[in-house]
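Quick note: numbers below take in every heavy atom, side chains included, and nothing from hydrogens, waters or symmetry partners. One-based numbering, in listed order, for ligands and for the atoms of each.
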Amino acid sequence: MTAGGLFALIICGIVLQVGIGALVAFMRHWRAYVELKGRVIGNGVNDGAPSARQPVAPPHAAWRDYRPFRVRSKAFEDRARSICSFVLEPADGGPVPDFLPGQFLTFRLSVAGQANPVVRCYSLSERPGNDAYRVSIKRVPAGLSSNHFHDRVREGDVLEVKAPSGHFHLDSHGAGPVVLIAGGIGVTPMVSMAAACLHENPSREVWFFYGVRDGSEEAFALPLRGWAERHSSFHLHVCHSRPAPDEAEGRDYHHGGHVDITLLRQVLPLKPFDFYVCGPSAMMESLVPGLLEWGVPAGRVHYEAFGPASLPRLDTPVPALDVVVPAEPLSVTFAASGRQVQWTGGSLLDLAEASGIAIDSGCRAGGCGMCQTRVEEGEVDYEHSPDFDPEPGTCLLCVGRPRTNLVLRA
Ligand code: FES
């Protein structure tokens, strides 16, 4: 063979190789595209409307009212010792009913110096299916309940606990990829969700973004980092907004700054993720609209803010869409107190308190049922579906507002 023939043969070989490589790459991308398209269309969420998928039904309340639980153990979860976990077992020796990862427990506490019981809700921070529940509580300066838990509650103490509840939860039996985003103490329901996913389906793709100020505030560092090492499907991204001087990016944390949309867009592959977000209001107010602007369908964005939510829910039917703005001021009569006042905005609980009427309240966010009050006349609207389902003929004052003139038994 001549030198020219040999050269032509080599060129042909190279061209053939490049062509085969390009074809293989194209087929791979095409398959991924077809699969992605099929999943999006199959889920009916390609138009930005809420998902057509049936949400997982929360289990019915496992018991009514309060049940005694004994504190089996108590342990700090962070180096700053500001987040403390309490493992609780039924004091009556009965079973530990299941819950959905993301749900919370409601506690009724006798706090020194308080005339009335203090009611508070705390997210479960362990996966379902254990022989006990676990909540993890951050100490809040001047927080009645959190300081009581940290300073007064001891192992062996018995606490009054309502059954797990809450609409913010994940289907841990599903297979679709999920992104869990936590800020500060918002990590508690996310740890429950991640643990449940890994337990039910270890190959399920989970991306976990966790924002804290520095390493001393990082809770559950051991399990989270352990999961990331052991499971190739679990991707951990810890962000320190104000790293300590001796902390190094890449060694002690993954990214400097906050968890934000820019980071998510940089890191996440193109997939039909479900996003679960839990953190302080400022984080939610930036991340949730950011996800929607990015093109994530509303039905795939699920979130929970601490305290009264400042964002309308997107993942549940929103009765507030029917809220009628009254043409003239509405009157609210607190029948038991003999007071009639005009409603000009805000929640019925705010209105009652501003009128000098004492109402029992706990979470002030529609979660605990403590402010449940009988409606004698009229109708009540909600800004968003409350987590606690009020009994027929009653309403939750903390998230309720009048639709018509109202008479309340308060
Ligand atoms: S105070 Fe908890 S539901 Fe109203």
| said: Going by the rule salt bridge (Lys or Arg N to Asp or Glu O under 4.0 Å), which residues pair with D151 if we only count those two or more places apart in sequence or in a different chain? | reply: R139
| task | Identify, with sequence neighbours excluded, every residue that meets salt bridge (Lys or Arg N to Asp or Glu O under 4.0 Å) alongside R242. | result | none
| With a 4.0 Å cut-off, would you call R251 and D246 a salt bridge? | no
| query | Charged N to carboxylate O under 4.0 angstrom, R403 versus D381? | reply | yes
| request: Would you check if there is a donor-acceptor pair between the side chains of E155 and S73 at a distance under 3.5 Å? | output: no
| note | Listing protein N, O or S under 2.8 Å around atom 2 (Fe) of ligand 1 gives C363 SG, C368 SG
Just distance, no hydrogens or angles: give the donor-acceptor pairs under 3.5 Å from side chains in residues 257-264, sequence neighbours left out.
residue: D260; atom: OD1; partner: T262; partner atom: N; Å: 3.4
residue: D260; atom: OD1; partner: L263; partner atom: N; Å: 2.9

